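Please read all numbers here as calculations on a predicted model, not as lab measurements. Here, residue 1 is the first one in the sequence, and each next residue gets the next number.
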Amino acid sequence: MENRPKPARETLHAMPLAAIVLVVLLLGAFLWLLYRSEREQEYHSLIKNILWVEQNLGFQLATAEERLEHLAEELARRHLDMAHFKATAGHLVANGPEIERILLLGPDRRILAAVPPSAGGEAPVEGGTFTMAAKLGKRAFSGPVSTPPGGTGFEMQVPVFRDGKLAAMLVAIFSLDDLLGSHVPWWVAEKYRVSIVDGNGNELGTKSRLAVEPGRSYVVPLDPPGHDMALKASVYPSETSFTRNALAAAILGLAVSAILSLWAVRRHIQRRVAAEQALHAEHAFRKAMEDSLTVGMRARDLEGRITYVNPAFCRMVGWPAEDLVGRSPPMPYWLPEDVEATMALNQAVLDGQAPREGFELQFRRRDGDLFDALIYEAPLIGADGRHTGWMGSVLDITDRKRAQELAAREQEKLQQTARLVTMGEMASSLAHELNQPLAAIASYATGCLNKLASGKFVREDLIQAVEKLAAQAQRAGRIIRRVHDFVRKSEPNMAPCFLDDVIEDSIGFVEADARQRGVRIETDIRAVRPLVLGDRIMLGQVMLNLIRNGMEAMIETPAADRRLLVSTTEAEGMILVAVADRGTGVMPDAVDRLFTPFFSTKSEGMGMGLNICRSVIEQHRGRLWFQGNPEGGSVFRFALPMAEP
């Protein structure tokens, strides 16, 4: 889907919208055609109905005309019998609601009689129509005239001739409102507003006053009475129009809703596609990161089953991911001889008891090679915040351990070399130290021989001399053993030892040298038999190095001030040892490099003594540091944890 050309995808997305628009257009066209058909049917019905009304009105007027002409003939034959006029006119007015009044005028237009009679002044009849009817000798219609109260009507004037002369004029006044109200049926009036208009379209009379639908009317001439009067029918708004409009509005609303919904779905799909693309990019980025890692990653569920391994882990153990994922302990890269111990450690990890600083294990590759691994385990938390397993990072530390072992061996060699150098430096003093017991042994042996040769001796004198000889021989032997123990190569022998004995032995080594240099070595052992767990020889080497450095630092110090103080104190379960001299001290720019390998303030120094001393003290879980002596010179201090007696 991602490789599909963009225009084709846009066309596919636009198809639902085009379908909805097409459906809306078809529905709109259908409604318009239906509306047009209804309008045409209504218009045809309007024409048919208005023509029927026009014929009906024409029939009513023709009937009234016939009756008025019959009355005019009766009046002419009966010499204007007023009683007959009133009776007949009253009958016509009573049965013809459209006839508002009937008048009988004389030739001089004076009212001879009126039905109904007028209570006030008489309105003048239309003169033009009177003259025309008199001249034509037949009935004539007037134009629109006002009729009380405020209405509009027209007059029908019928001449009454006797002996060839105009004897009177019969005038009937018709009301247009009454004409429409009496002769327009209800079924026409409920659909149309029927009215009579003049030539200018002004409404003269109407059936109702209701509003009509603009533009939907039909007009037919009303003749008689003529005079540009016409019958007009206008259509009322129908309920079908409201229903149709409501239906159209509903369809339009539905279409708009469908388009909006489609638009919302399209935007949701676009956001989802964008999110999927971002997820793919993120996955590719993470995959690239995982592939570039040299640290093995291994994920396991709560039962210890492997759920994920990265390529670095597969390269590390030599097993492909498909052979590892889904495997439960014991794993194929575990050492067969350590399965039980590894299983116990694995269970501790699953129980949440993995060491925070990590732990080391030895694994076996698929080809049989062994390697050392440093493993860190951390809880694996899912997206819902639940603990789903464990994520472990595995480091191949085989090379690191080899380097550490090599460094340890090199360190041991350096220590051995340092001891040899120290031994060489002490050779002369040791020779002088050995010379004394050897000279005493020779002297005692010579004395014994002389006594035996003279034959003048007592047994007790020889025993005393031989005992002194043996004591001197033991003294020489101890000196030789110290030298042998000091220079011989051996593994660290960690055992409880009293630090004051170590200090005493170390001072014993350098006593001769101290006398030659004129240095007084004093001790201040405040701790009660300070007991530590350590290698006596290595600790002695530290003390020797610090004491010798202190003595060498006082070479330019006046003889009276050449004092080296070795002291011990106890604080918070630690034994603190201080070696303070009164020498020249250490320059500030050299303080930070005192313990750096191959750095020395002495021209003939190797620069390894203090570095080895610090390594030895740290190997014993202690700390070595330097401070300036307030009385002048330097103080080297180290602290060691006290051992249980």
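- Note that the CG atom of Leu27 and the CG atom of Leu34 stand 12.0 Å from one another [nearest 0.5 Å].
- Residues Arg77 and Arg162 fail the side-chain proximity criterion, which asks for heavy atoms closer than 4.5 Å.
- Within the 4.5 Å cutoff, the side chain of Phe85 has heavy atoms near those of the Val115 side chain.
- Test Val93, Ile173, Thr88 against Ile102 for side-chain contact (heavy atoms from CB on, under 4.5 Å) and you get one pass: Val93.
- Between Arg327 and Asp323 no salt bridge is recorded (no basic side-chain N to carboxylate O distance below 4.0 Å).
- Under the 3.5 Å distance criterion, the side-chain polar atoms of Asn49 are left unmatched by any main-chain donor or acceptor of Val188.
- Under a 3.5 Å cut-off, the side chain of Asp301 and the backbone N or O of Glu303 do form a donor-acceptor pair.
- Under a 4.0 Å N-O distance rule, the pair Arg386/Asp384 qualifies as a salt bridge.
- Two residues are said to be in side-chain contact when any heavy atoms from C-beta on lie closer than 4.5 Å; Tyr308 and Asn310 meet this criterion.
- Asn346 is not listed as a side-chain neighbour of Met331, based on a closest heavy-atom distance of 4.5 Å or more.
- Donor-acceptor pairing under 3.5 Å is recorded for the side chains of Arg109 and Thr131.
- A heavy-atom distance below 4.5 Å is not found between the side chains of Arg356 and Tyr376.
- Not a single donor-acceptor pair under 3.5 Å links the side chain of His84 to the backbone N or O of Lys86.
- Without hydrogens or angle criteria, Asp81 side chain to Ala83 main chain gives a donor-acceptor distance under 3.5 Å.
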I'd like to know whether Tyr43 forms a side-chain hydrogen bond (donor to acceptor under 3.5 Å, both in side chains) with Ser217, so could you lay out the CA-CA distance, the side-chain angles of the two residues, the decisive distance to 0.1 Å, and finally the verdict.
CA-CA 8 Å; Tyr43 194 68; Ser217 62; over 6 Å; no
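- Tyr333 does not carry Arg365 over the face of its six-membered ring by the limits of under 6.0 Å from the centre and within 45° of the normal.
- With contacts defined as side-chain heavy-atom distances shorter than 4.5 Å, the pair Arg139/Leu68 does not qualify.
- For the pair Gln347 and Pro329, the minimum side-chain heavy-atom distance is 4.5 Å or more.
- Here OG of Ser234 is found 8.0 Å from CD of Glu203. Values are rounded to the nearest 0.5 Å.
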Full working for side-chain contact (heavy atoms from CB on, under 4.5 Å) between Thr388 and Ile381:
CA-CA 6 Å; Thr388 59; Ile381 307 300; over 6 Å; no
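- Geometrically, Arg300 does not engage Trp390 in a cation-pi contact defined by less than 6.0 Å to the ring centre and at most 45° from the axis.
- Leu370 places a side-chain heavy atom less than 4.5 Å from the side chain of Leu335.
- With salt bridges taken as basic N to acidic carboxylate O contacts below 4.0 Å, one links Glu377 and Arg298.
- Here the two rings, on Trp187 and Trp52, have centers that are under 6.0 Å apart.
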Should Arg271 and Ile269 be marked as a side-chain contact (heavy atoms from CB on, under 4.5 Å) after you check the CA-CA gap, both sets of side-chain angles, and the distance that decides it?
CA-CA 5 Å; Arg271 288 196 294 268; Ile269 293 175; over 6 Å; no
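- With salt bridges taken as basic N to acidic carboxylate O contacts below 4.0 Å, one links Lys401 and Glu360.
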Steps toward side-chain contact (heavy atoms from CB on, under 4.5 Å) verdict (Leu204, Val197)
CA-CA 5 Å; Leu204 302 176; Val197 298; 5.8 Å; no
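- In this structure, Asp351 contributes its side chain and Gln353 its backbone to no donor-acceptor pair below 3.5 Å.
- Using modelled atom types, one side-chain atom of Thr63 and one backbone atom of Phe59 make a donor-acceptor pair closer than 3.5 Å.
- With Ser142 contributing its side chain and Glu155 its backbone, the two residues share a donor-acceptor pair below 3.5 Å.
- Judged purely by atom type and a 3.5 angstrom limit, Asp338 has no side-chain atom pairing as donor or acceptor with the backbone of Ala341.
- A donor-acceptor contact shorter than 3.5 Å is absent between the side chain of Thr152 and the backbone of Gly205.
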